[in-house]
Amino acid sequence: EEVKESRRMLRLVQEHLSSAHLKVGAQQESIGLVEVIHHPGSILPHLNYVTPRKNTAWVPTPEIEKGMDHLRELNRTPRLNYIEGLYPPVFAKSLHSIGLKVVSETPIMVRNLSTDVVQSETTPANSPSKITVTSADDQQSIGLWWYVWRNAYYDVITSGIEPIKIGETMQAVAMEQETDLLMYRDTLPIGVARVTYNNTTAHLTTLVMMKEFRQDNLMRAFYQAACKVALDHQCELIFTSGESGTDRRICREVGFVDVGSVVCYAQPLDNSTEETHDETVA
């Protein structure tokens with residue numbers, strides 16, 4: 001029963017991410033048992049990849065190679081992304097057999113909001129005085145959000161699995177696709193976070209804290225605030241990626257659980273099989 005529920009949540013995560021990629025202009029083509037996602041104007045890895053088609057329990061390696069070849073034709077680095085936890089461990093073995101190697105692995109942590117009690121106050125009781133969290137909902141506070149995001153005095157935690165798009169923030173906020181949060185100590189902005197939405201799922205894509213304020217209680221308060229805005233948007237779950245052991249521990253303390261990871265496979269750069277493979281196709 002638990003496995004079934006975590007698979008269901010992972011499928012919702014998968015849907016959220018592919019929808020986010022398409023929202024920023026990536027295109028999707030079905031080729032056999034895989035989907036090829038590619039962006040005409042960007043070579044970012046998380047906008048150009050092959051992924052197994054929805055509801056497939058297994059994809060034979062020749063099908064994956066067909067998708068990879070299509071990415072090569074589009075002058076994109078061939079890579080495969082999939083959510084571990086939706087496929088049997090032997091699937092990874094089959095990928096190694098065609099010369100693919102893991103190039104990145106992003107842990108996925110989910111908090112089920114339909115069963116959890118999320119603290120209703122904007123700043124949970126155990127956080128220090130004079131700390132407030134507000135939503136950036138006008139041009140000035142959004143400008144402040146970007147200032148903090150780019151500032152060298154802040155630690156940036158971002159998953160890289162959902163792009164952070166500059167310039168369309170006001171439009172996205174207006175369309176209720178995301179909430180940008182600002183954490184203040186008195187009047188000093190000490191952190192920002194972004195939560196994006198897709199149907200009933202929310203993704204805490206970014207969390208940035210000024211280095212000297214990166215304390216457990218403040219981080220917990222920020223994660224709680226993100227859960228609260230997701231709940232306000234009638235989301236049944238919120239997910240994020242714990243980039244470090246500390247982040248994952250704090251996530252668990254506020255109710256997130258580890259459910260799987262987004263794994264990216266590609267051919268090693270020094271591998272000459274890519275050219276020979278292309279010749280055999282020709």
Side-chain angles (χ1 to χ4, degrees), residues 1-23 26 28 30-37 45-47 49-61 63-64 67 79-97 100 102-118 159-162 195-205 223 226-227 230-231 233-243 245 247-265:
E1 203 48 36
E2 207 176 298
V3 173
K4 209 170 163 187
E5 178 58 9
S6 85
R7 285 173 68 83
R8 187 186 74 82
M9 293 197 290
L10 284 174
R11 277 193 288 271
L12 289 171
V13 168
Q14 187 178 37
E15 215 169 281
H16 185 116
L17 292 174
S18 54
S19 155
H21 298 161
L22 299 176
K23 273 178 196 162
Q28 181 172 325
S30 295
I31 296 177
L33 290 175
V34 298
E35 302 286 0
V36 178
I37 312 289
H46 53 263
L47 295 178
Y49 59 91
V50 173
T51 194
R53 278 181 75 174
K54 241 169 50 177
N55 304 323
T56 50
W58 183 264
V59 180
T61 51
E63 295 281 316
I64 290 164
R79 56 173 72 79
L80 171 88
N81 280 7
Y82 75 98
I83 293 188
E84 200 178 50
L86 289 177
Y87 293 88
V90 72
F91 182 55
K93 254 189 184 154
S94 71
L95 300 175
H96 289 291
S97 74
L100 297 177
V102 176
V103 288
S104 70
E105 195 168 341
T106 309
I108 298 290
M109 304 189 76
V110 169
R111 182 172 178 181
N112 187 337
L113 299 171
S114 55
T115 58
D116 263 3
V117 176
V118 178
S159 65
I161 51 176
E162 182 173 341
V195 179
T196 64
Y197 307 107
N198 181 58
N199 301 325
T200 62
T201 58
H203 181 198
L204 176 55
T205 64
Y223 279 115
C227 292
L231 198 62
H233 274 77
Q234 276 84 50
C235 290
E236 64 164 303
L237 70 83
I238 180 169
F239 69 98
T240 192
S241 54
E243 287 296 288
D247 301 330
R248 288 195 289 277
R249 175 179 55 74
I250 292 169
C251 281
R252 289 182 199 112
E253 286 169 7
V254 295
F256 286 84
V257 293
D258 305 78
V259 288
S261 51
V262 177
V263 190
C264 176
Y265 280 82

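What you are looking at is a predicted structure, and each value in this text was computed from that prediction instead of being measured.
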Are [X] and [Y] close enough that a side-chain donor and a side-chain acceptor fall under 3.5 Å?
X	Y	result
S30	E35	yes
T56	Y87	yes
T51	N81	no

Are the side chain of [X] and the backbone of [Y] linked by a donor-acceptor contact shorter than 3.5 Å?
X	Y	result
R7	G85	yes
R111	V257	no
E63	L33	yes
T240	M109	no

Atom of [X], atom of [Y] and distance for their closest heavy-atom approach:
X	Y	answer
G67	V34	CA-CG2, 4.1 Å
Q28	L22	OE1-CD1, 3.5 Å
T61	S94	CG2-O, 3.3 Å
A202	A230	CB-CB, 3.6 Å

To the closest 0.5 Å, what do you measure between [atom1] ([X]) and [atom2] ([Y])?
X	Y	atom1	atom2	answer
H46	I37	NE2	CD1	12.5 Å
N112	F239	CG	CZ	14.0 Å
T201	L12	OG1	CG	6.5 Å
N199	H16	CG	NE2	9.5 Å

(request) Determine, step by step, whether Y49 and L80 satisfy the side-chain contact (heavy atoms from CB on, under 4.5 Å) criterion, reporting the C-alpha distance in whole Å, the side-chain angles of both residues, the deciding distance to 0.1 Å, and the verdict. (result) CA-CA 5 Å; Y49 59 91; L80 171 88; over 6 Å; no

(message) Check E236 with R8, please: is the shortest side-chain N to carboxylate O separation under 4.0 Å?
(response)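 Salt bridge: yes.
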
(message) Please determine whether a side-chain nitrogen of the Lys or Arg among R11 and E15 lies less than 4.0 Å from a carboxylate oxygen of the Asp or Glu.
(response)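 No, no charged N to carboxylate O under 4.0 Å.
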
(request) Step by step, work out the side-chain contact (heavy atoms from CB on, under 4.5 Å) result for L204 and Y223. (result) CA-CA 8 Å; L204 176 55; Y223 279 115; 3.3 Å; yes

(message) Using 30° and 60° as the class boundaries, would you call the ring planes of Y265 and H96 parallel, tilted or perpendicular?
(response)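 It falls in the perpendicular class, over 60°.
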
(request) Specify whether Y197 and H233 have parallel, tilted or perpendicular ring planes, treating 30° as the upper limit for parallel and 60° as the lower limit for perpendicular. (result)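 Rings of Y197 and H233: parallel, as their planes differ by under 30°.
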
(message) Evaluate F256 against C227 for side-chain contact (heavy atoms from CB on, under 4.5 Å), listing each step before the verdict.
(response) CA-CA 10 Å; F256 286 84; C227 292; 3.9 Å; yes

(request) Check step by step if side-chain contact (heavy atoms from CB on, under 4.5 Å) holds for I64 and F91. (result) CA-CA 11 Å; I64 290 164; F91 182 55; 3.9 Å; yes

